[in-house]
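Worth saying up front: this structure is predicted, and the values here are computed from it rather than measured. Scope of the values below: all heavy atoms of this structure, side chains included, with no hydrogens, waters or symmetry mates.
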Amino acid sequence: MPPPAILDAHGHCGCQHVSWGWEGLKPLLQGAGISAAALIPPVEDIYDRDDPCFIDSPAWQACRRRAHRYLLDLKDPDIIIYRYFFVWNDFAWEELGPEYAAVKWHRHANEPEYHYGDPRCRDFLAAVQARGLPILLEETFENTLFFLEKLLPEGVSLIIPHLGGLNGGYRALERAGVWGHPAVWADTALASIPELADYLSRYGSGRLIFGSDYPFGHPGAELAKILRLNLPEDQARAVLGDNFRRVCRLD
């Protein structure tokens, strides 16, 4: 049987440019026995990912605020909900309130780029550091290394999703020494069982976090992968919820 208090730490939820509302996600979580979820606005509500020359605008900033407000307004009697703040190039640190448990930082190689040289980027990272929030970073391999080496504030934890699958790959990050960095955590969303087993054998269970990446992954199927690893109960509890609560200082 799975341990109690399972937390899916990586799910997308929103209803502006996509139809990934809470009413569709909640039954999947309940059916899998998952009692808490950390939710991220859909990328499609943050910027135009299909336009590599995308320029931010007041209309997109308003769209982002609506996407965050949708999650902030979610209240559910059955499932505990935590929220990510999805940052984009306005680096709106003024909106980074105490309601957020973590920060999402995301782009793929063919998508618009973050303006890392903007002074507001440093201001945003200073606000993240002051709040003690972790950052879930999905970036190119080169930018992942740049972020870790040049931008990550002292004391801030960096969570790499998909066990690195979209940050250059698990093995590439391993060769670069990323997984052994004391500030780096990983989430399990869409990762393969062999890579999960290899990570656990090398680095242990203390910085590995369960996530499904709904709607790209099914919460029940992603949970089943973790259960098939037959981890000792204390390690299973850590991966399936306690690690996320710890890195976000939710206790």
Between Val43 and the options Arg107, His106, His108, His17, the side chain to side chain contact (heavy atoms under 4.5 Å, CB included) test singles out His106
task: Assert yes or no for the condition that the ring centre distance of Phe216 to Trp20 is strictly below 6.0 Å.
output: yes
Item to check | Centroid-centroid distance, His68 to Phe85, less than 6.0 Å | outcome: yes
How long is the span from the [atom1] atom in [X] to the [atom2] atom in [Y], to the nearest 0.5 Å?
X	Y	atom1	atom2	value
Leu151	Tyr114	CG	OH	12.0 Å
Leu71	Tyr84	CG	OH	11.5 Å
Ile40	Cys13	CD1	SG	11.0 Å
Cys121	Asp90	SG	CG	11.5 Å
Cys248	Ile209	SG	CD1	7.0 Å
Trp105	Leu137	CH2	CG	8.0 Å

message = So does Thr140 get a backbone contact from the side chain of Thr144, meaning a donor-acceptor N/O pair under 3.5 Å?
response = yes
Polar contact flag, side-chain donor to acceptor under 3.5 angstrom, Tyr47-Asn89 = no
So the side-chain hydrogen bond (donor to acceptor under 3.5 Å, both in side chains) pairs with at least one residue in residues 154-164 (sequence neighbours excluded) are Glu138-His162, Ser157-Trp185
The side chain to side chain donor-acceptor pair (under 3.5 Å) partners of Arg66 (sequence neighbours excluded) come to Gln16
For Tyr82, the ring pair (Phe, Tyr, Trp, His ring centres under 6.0 Å) test, sequence neighbours excluded, returns none
query: Would you say Lys150 has more than 12 foreign heavy atoms packed within less than 6.0 Å of its NZ?
result: no
query = Do Thr188 and Leu208 come within less than 4.5 Å of each other through their side chains, counting heavy atoms only?
reply = yes
